[in-house]
Amino acid sequence: MTQAPRAVNIVGAGLAGSLLALLLARRGLRVALFERRADPRQAQPERGRSINLALAARGLRALERAGVLAQVQPLLIPMRGRMVHERAGRAALQPYGQREHEVIYSVGRADLNRVLIDAAARHGAVSVRFGQTCLGADSAASRLRFRGEGGEYSVPLAPTLATDGAGSAVRTSLAAAGLLKVREEWLDHDYKELSISPAAGAALERHALHIWPRGGFMLIALPNTDGSFTATLFLPRSGAPSFATLDGAAAVTAFFGREFPDTLALLPDLAAQFAAHPQGQLGTVHTTPWHRGGEVLLLGDAAHAIVPFHGQGMNAAFEDCTQLDELLGAHGADWAGAFAAFEAARAPNAAAIARMALENYAEMRAAVLDEGFVRRRTLALELERRFPERFIPRYSMVMFHPEIPYTEALRRGAVQEELLRQLDAGPGTQPDGARAAELVASRLAPL
Ligand code: FAD
């Protein structure tokens, strides 16, 4: 009698885990998906996590591959650009791209996760087990340990895919056993989410990502399907101004009145929300290696959590799922080979997007108000119009061009930035068209 192949363990039914379960099931594998939380189709979403996220081309491509794009589509709100709000109340839209489809989408985390879990759970090859907290991987004993309602237990380790997020228990256990190294780089800026009701949100353009950039800090807001917006304040933890100085209702109201005066009407219960909502930390997780033989592989935030300023953490995690799925197709039952190929392909890309995400914070909170930045951004879009096969702005490469790896976006982006600075002759001047053509042709190979 032949034995049924062992199920693949996936730890964490968050965004990556639930999508990956579906992809692997479609590939003909049996999947055991373990999740610490209760079933989100029956329970309220966890507090304190970002409520909505920006979904872009890399994420969309993965959803399409898993056959769930049609179910996700009704949850998506297109955002055509950044609506930049100045202190004096003036607001102007900076489009993300110049083609109709060059938009990003706001999507509710809980709704998206529910759709993915539901699609995975409906697949006969996936068994989803909620209320199961992974305690770690025991590589020496080849077991994966859990605590559930009935107490502690373990299952065979190989093969395990760890998608248990930025605080991954699997990663922590492997690091404690000396099997991998982890470096967590915390940002000295924290975040807090505030909710703008549908009634108040009616005053805001729905198809935009709103930013109130203030140099050292910023407020942003993304639309939700019910007409509400989720605003997020990013601010240093200490110093002035900082979360430490916003130590009561009067300080909070005075700060918003001074820095974001037009938001006071959007947030009539600002002080109460500010007191009630958690203050979240942000950071980058660097892990090496990501896998141990063919036993266990970390992916998504568990391997490479990043700061949220490029709106790419989930997109990168979804791209991980796409790439692993492709590699499993090529490597068959050779898990060790697939895991090694995955890490070799993805780790440089994860490092590139981690860096671009940090750089984008400076761009969002400060540069979008800078005349030189706006001039060079206009010039970049003009160069893209003239030389679409060679020049694509870095933001567009990351958000709209999944065929361009993050490493290449980073590399070409640096060349392009230098070229833009060479061509930008200052306020009120027009760049030399012939020189632009010459520089683009000599510095940028066709894509
Ligand atoms: P998660 O979504 O965190 O899922 C991990 C899952 O594992 C959860 O379900 C959790 O309950 C479960 N789990 C954890 N520990 C255990 C355990 N011990 N046992 C069992 N289960 C466990 N990304 C974007 O692409 N666009 C954005 O606009 C964006 N905005 C963001 C804004 C903020 C403020 C933050 C903090 C992040 C943002 N991100 C964004 C990043 C995005 O949230 C993450 O990259 C994404 O959630 C990663 O998916 P994941 O599946 O790897 O991890």
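Every number for a ligand or one of its atoms is a count from 1 in the order of the listing. A quick note: this is a predicted structure, and the numbers were derived from the prediction, not measured.
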Pick out which of Glu185, Glu184, Lys181 makes a side-chain hydrogen bond (donor to acceptor under 3.5 Å, both in side chains) with His286.
->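 For His286, the side-chain hydrogen bond (donor to acceptor under 3.5 Å, both in side chains) test succeeds with only one of Glu185, Glu184, Lys181, which is Glu185.
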Let me know which of Arg143, Gln132, Arg147 forms a side-chain hydrogen bond (donor to acceptor under 3.5 Å, both in side chains) with Tyr153.
-> Gln132
Where ligand 1 meets [X] - atom numbers and elements under 4.0 angstrom, heavy-atom basis:
{"X": "Ala169", "result": "18 (N)"}
{"X": "Gln132", "result": "19 (N), 20 (C)"}
{"X": "Gly165", "result": "3 (O), 5 (C), 53 (O)"}
{"X": "Ala54", "result": "24 (C), 25 (O), 26 (N), 27 (C), 28 (O)"}
{"X": "Gly300", "result": "52 (O)"}
{"X": "Tyr191", "result": "34 (C), 36 (C)"}
{"X": "Arg37", "result": "9 (O), 11 (O)"}

Under 3.5 Å, N or O to N or O, is [X] touching ligand 1 that way?
{"X": "Cys134", "result": "yes"}
{"X": "Arg36", "result": "yes"}
{"X": "Glu193", "result": "no"}
{"X": "Ala166", "result": "no"}
{"X": "Arg109", "result": "yes"}
{"X": "Thr133", "result": "no"}
{"X": "Asn315", "result": "yes"}
{"X": "Met314", "result": "yes"}
{"X": "Gly313", "result": "yes"}
{"X": "Ala317", "result": "no"}

In Arg411, Arg412, Glu359, Glu363, the residue satisfying side chain to side chain contact (heavy atoms under 4.5 Å, CB included) with Arg394 is Glu359
Could you name the option among Leu209, Asp301, Leu135 that has the heavy atom nearest to atom 52 (O) of ligand 1?
-> Asp301
Between Arg129, Glu35, Arg147, which one has a non-hydrogen atom sitting closest to atom 12 (C) of ligand 1?
->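 Minimum heavy-atom distance to atom 12 (C) of ligand 1 goes to Glu35.
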When you check the side-chain N and O atoms of Glu295 and Ser139, is any donor under 3.5 Å from an acceptor?
-> yes
For Gln281 and Asp190, does a side-chain donor sit closer than 3.5 Å to a side-chain acceptor?
->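 No, no side-chain donor-acceptor pair sits under 3.5 Å.
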Select one of side chain, backbone, both or neither to describe which atoms of Thr163 lie under 4.0 Å from any atom of ligand 1, heavy atoms only.
-> backbone
Side chain, backbone, both or neither: the part of Ala56 lying under 4.0 Å from ligand 1 by heavy atom | neither
Distance-only check: which donor-acceptor pairs under 3.5 Å involve side-chain atoms of residues 59-73, not counting sequence neighbours?
{"unit_1": "Arg65", "atom_1": "NE", "unit_2": "Asp325", "atom_2": "OD2", "d": "2.9"}
{"unit_1": "Arg65", "atom_1": "NH2", "unit_2": "Asp325", "atom_2": "OD2", "d": "3.1"}

Are Arg206 and Phe229 in a cation-pi contact, defined as NZ or CZ under 6.0 Å from the six-membered ring centre and within 45° of the axis?
->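 That pair does not qualify as a cation-pi contact.
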Cation over ring, Arg258 on Phe256, under 6.0 Å and within 45°?
->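 Checked: cation-pi criterion not met.
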For [X] against [Y], the heavy-atom pair lying closest together:
{"X": "Ala137", "Y": "Leu157", "answer": "CB-CD1, 3.9 Å"}
{"X": "Pro223", "Y": "Asn52", "answer": "O-ND2, 3.6 Å"}
{"X": "Trp212", "Y": "Ala221", "answer": "CZ3-CB, 3.9 Å"}

Report yes or no: does His310 have a heavy atom closer than 4.0 Å to ligand 1?
->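 In this structure, His310 fails to qualify as a contact of ligand 1 - no heavy atom is under 4.0 Å.
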Mind checking what makes side-chain hydrogen bond (donor to acceptor under 3.5 Å, both in side chains) contact with Asp247, not counting sequence neighbours?
->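 Asp247 satisfies side-chain hydrogen bond (donor to acceptor under 3.5 Å, both in side chains) with no other residue.
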Answer yes or no: does atom CZ of Arg122 have more than 12 heavy-atom neighbours from other residues, nucleotides or ligands under 6.0 Å?
->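 For Arg122, atom CZ is not crowded (no more than 12 foreign heavy atoms under 6.0 Å).
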